[in-house]
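Take a look at the structure below.
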Amino acid sequence: MAAQYTFTDLRNINVGCHNVIAVVKFFKKPQKTKGTGYSMFASVSDPSLCGDKFPVIFLCNNIDHLPPIRTPGDIIIMHRLKVSMYRGSLQGCGPGSSGFAFAVFPGLCDSPLTPYPSPTNCSFTDADLFRVFELRGWYNSDSCPLEKELPPDVVMTEPQAPSNQMVPFAERVVPSTRIHSIMKNAFVNIEAQIVAIYSYPPEITRDIILSLWDGQPPPEAASLPPFYTHHDLDRPPHISDSRTDPHLAAITGHSMLPANEDWSVTVFVFDEHAQSAVAKKLKPGDLIRIINVHCTGKLGHVRRKLDVHGGGQKYGRRIELLTEETAPPDLVARLKAGRDARKPITTPSQSPGAADLGVLLIWKLRDVVSLLGPAAVGPSTTTPLHHNNPAMCRLRVCGRVVRARPNSPRSLFRCLLLVCRSCGTSSRIKSPTLPMCPCGKSTHFLALPMFYLVLADLSGRVCVLVSSRGIRALAGPDMSSLRRQLRLLVSATASPQTKRATARSITAAWSRCVSSWIDATLLVKRSPTKSTVSISLLAK
DNA sequence: TTAGGCTTTG
């Protein structure tokens with residue numbers, strides 16, 4: 001039966017002799033002393049230090065009798081550690097003689113609870129082993145406030161070095177964390193895909209802001225505070241200094257959906273990390289790994305903020321570029337599952353007239369529209385994109401549907417255009433009560449839908465008219481009998497109950513477009529007579 | 001006895 005030792009939490013340590021179980025935060029390789037022996041410096045920590053660390057120096061004449069620490073994160077049990085003052089601070093000393101004993105356990109969560117072999121002896125109980133188990137879990141958790149460091153024998157390359165010369169991840173100890181699960185004060189590694197990159201004019205700052213996603217957030221993340229984003233800054237970056245992948249932005253809902261549905265997370269990258277060769281090459285769609293991103297509390301701790309602080313490369317803090325091959329398979333699988341879970345309700349637009357424009361942001365659309373005429377959608381600063389027919393152009397737009405009209409039976413009637421089958425006069429109605437056509441010949445109407453969607457992208461929102469064909473294309477099978485349903489709505493014989501049920505069915509189907517996203521071609525037309533612009537969605 | 005890291009964080 002092993003002797004039962006009493007262990008001191010590092011927070012409560014003072015000058016004297018203590019038994020300690022702690023995580024190795026950092027260690028230096030053994031060095032020869034001026035005398036005959038060896039020294040090895042380490043810093044250790046435990047949860048009681050709340051991210052702080054405690055220095056320990058091991059001394060021994062025989063290099064093989066020093067603690068066999070292999071990597072940061074290993075757990076060390078120390079008996080009779082001598083604590084004294086050094087340069088105004090407490091420091092532990094484990095001398096080779098006078099009873100100091102230790103056992104070092106591997107820090108990986110799935111490694112066995114057995115110490116590394118060592119010629120020296122240190123007893124431990126089941127309770128001690130459980131503490132080792134606890135500390136190992138804490139170090140590898142989403143909430144560990146320690147910045148994870150590299151083993152001393154891993155030579156870090158300069159930040160400018162190409163990514164293929166970097167330290168292979170297999171040599172690292174700490175597993176990666178889902179972005180949404182990071183806890184306040186923690187330093188963690190993450191792997192993710194870039195949705196957008198924000199920068200500033202160089203005279204303001206060279207720091208960058210990354211918007212990342214790593215799949216659909218895990219359910220437990222919903223109980224954690226939302227993330228601080230670039231929108232929360234006093235001087236948010238300008239849209240013209242951003243680069244984005246429109247599909248990824250639409251899938252994640254980046255800056256378009258409410259925070260609880262936006263799958264993207266903002267990471268602030270400072271100093272040399274923002275200016276490294278790797279960072280300069282980054283583009284939306286890239287897969288990256290960030291070593292030691294720091295999660296801080298902001299705005300009175302109601303938000304979490306992710307920072308890649310300047311410096312720290314010596315301890316492995318950095319951004320790495322990954323490929324589909326080098327990225328962890330579970331990340332690639334999660335991204336695919338996320339794309340599948342949020343498919344567009346259109347197939348990608350391939351309209352020939354819009355092809356040369358590529359995927360346009362709506363702010364471009366605004367510019368074009370305002371050049372077409374005094375539009376209601378915004379100011380202009382750029383040149384027209386369509387020279388042949390300034391009254392009309394096609395634009396490809398990728399955006400989230402944030403609103404659909406009609407969204408209730410009441411609003412449905414305001415979104416119908418009634419055309420008299422006798423004289424062709426069109427009119428709008430405000431209630432289910434059908435008017436009498438001024439021609440007086442007939443009360444037979446054709447009902448044309450004037451349905452709208454509000455589309456959002458990073459730059460803003462735009463209201464788009466959708467034709468009958470477009471409605472059927474976007475709402476799918478739910479709207480396959482739209483024409484028949486509309487006929488029923490304006491029929492003189494159908495009962496009010498039938499009309500109400502039909503109206504509910506149409507608006508319910510149309511409302512289901514909301515929170516989907518589209519990649520579609522819009523037709524922008526200036527009215528030849530009025531100074532208005534219509535924007536309609538071109539259905540396939 | 002010996003020897004005892006880096007940084008300050010937007």
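A note on names: the letters A, B, ... follow the listed sequences, proteins ahead of strands, and every chain is numbered from 1. All figures in this text were calculated on a predicted structure; none of them were measured in a lab. Below, each value reflects all heavy atoms present in this structure, side chains not excepted, and no hydrogens, waters or symmetry copies.
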query = What about K25(A), does its side chain sit under 3.5 Å from the base of dC6(B) through a donor-acceptor pair?
reply =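 Not at all, since no donor on one side and acceptor on the other fall under 3.5 Å apart.
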message = With a 3.5 Å cut-off and heavy atoms only, can you find an N or O donor on one side and an acceptor on the other between the side chain of D207(A) and the base of dG10(B)?
response =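 No pair found.
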query = Looking at residues at least two apart in the chain, or sitting in another chain, which of them share a ring-ring contact (aromatic ring centres under 6.0 Å, His included) with H254(A)?
reply =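 By the ring-ring contact (aromatic ring centres under 6.0 Å, His included) rule, H254(A) matches Y198(A), H230(A).
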Find the distance [X]:[atom1] to [N]:[atom2] and express it as a whole number of Å.
{"X": "K28(A)", "N": "dG4(B)", "atom1": "NZ", "atom2": "C1'", "answer": "8 Å"}
{"X": "R87(A)", "N": "dG4(B)", "atom1": "CZ", "atom2": "C1'", "answer": "7 Å"}
{"X": "F26(A)", "N": "dG4(B)", "atom1": "CZ", "atom2": "P", "answer": "11 Å"}
{"X": "F187(A)", "N": "dT8(B)", "atom1": "CZ", "atom2": "C1'", "answer": "11 Å"}
{"X": "I69(A)", "N": "dG5(B)", "atom1": "CD1", "atom2": "C1'", "answer": "14 Å"}

query = What about F102(A) and F124(A), are their ring centers closer than 6.0 Å?
reply =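 For F102(A) and F124(A), the ring centres are not under 6.0 Å apart.
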Pair Y5(A) and H79(A), ring centroids less than 6.0 Å apart =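 Close enough - the centres of the two rings lie under 6.0 Å apart.
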Tabulate atom names and distances for all N/O pairs under 3.5 angstrom spanning the protein and nucleotides 1-3 of chain B.
unit_1 : atom_1 : unit_2 : atom_2 : d
dA3(B) : OP1    : K34(A) : N      : 2.7

query = By centroid distance (under 5.5 Å) and plane angle (under 30°), are F268(A) and dG10(B) in a stacked arrangement?
reply =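 Check failed, F268(A) does not stack on base of dG10(B).
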message = Determine whether a donor-acceptor pair (N or O, by modelled atom type, separation under 3.5 Å) exists between the side chain of W517(A) and the backbone of R342(A).
response =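 Judged by distance alone, yes, a pair lies under 3.5 Å.
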Residue closer to the 5' end of DNA chain B, H294(A) versus M85(A) (nearest nucleotide) =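 That would be M85(A).
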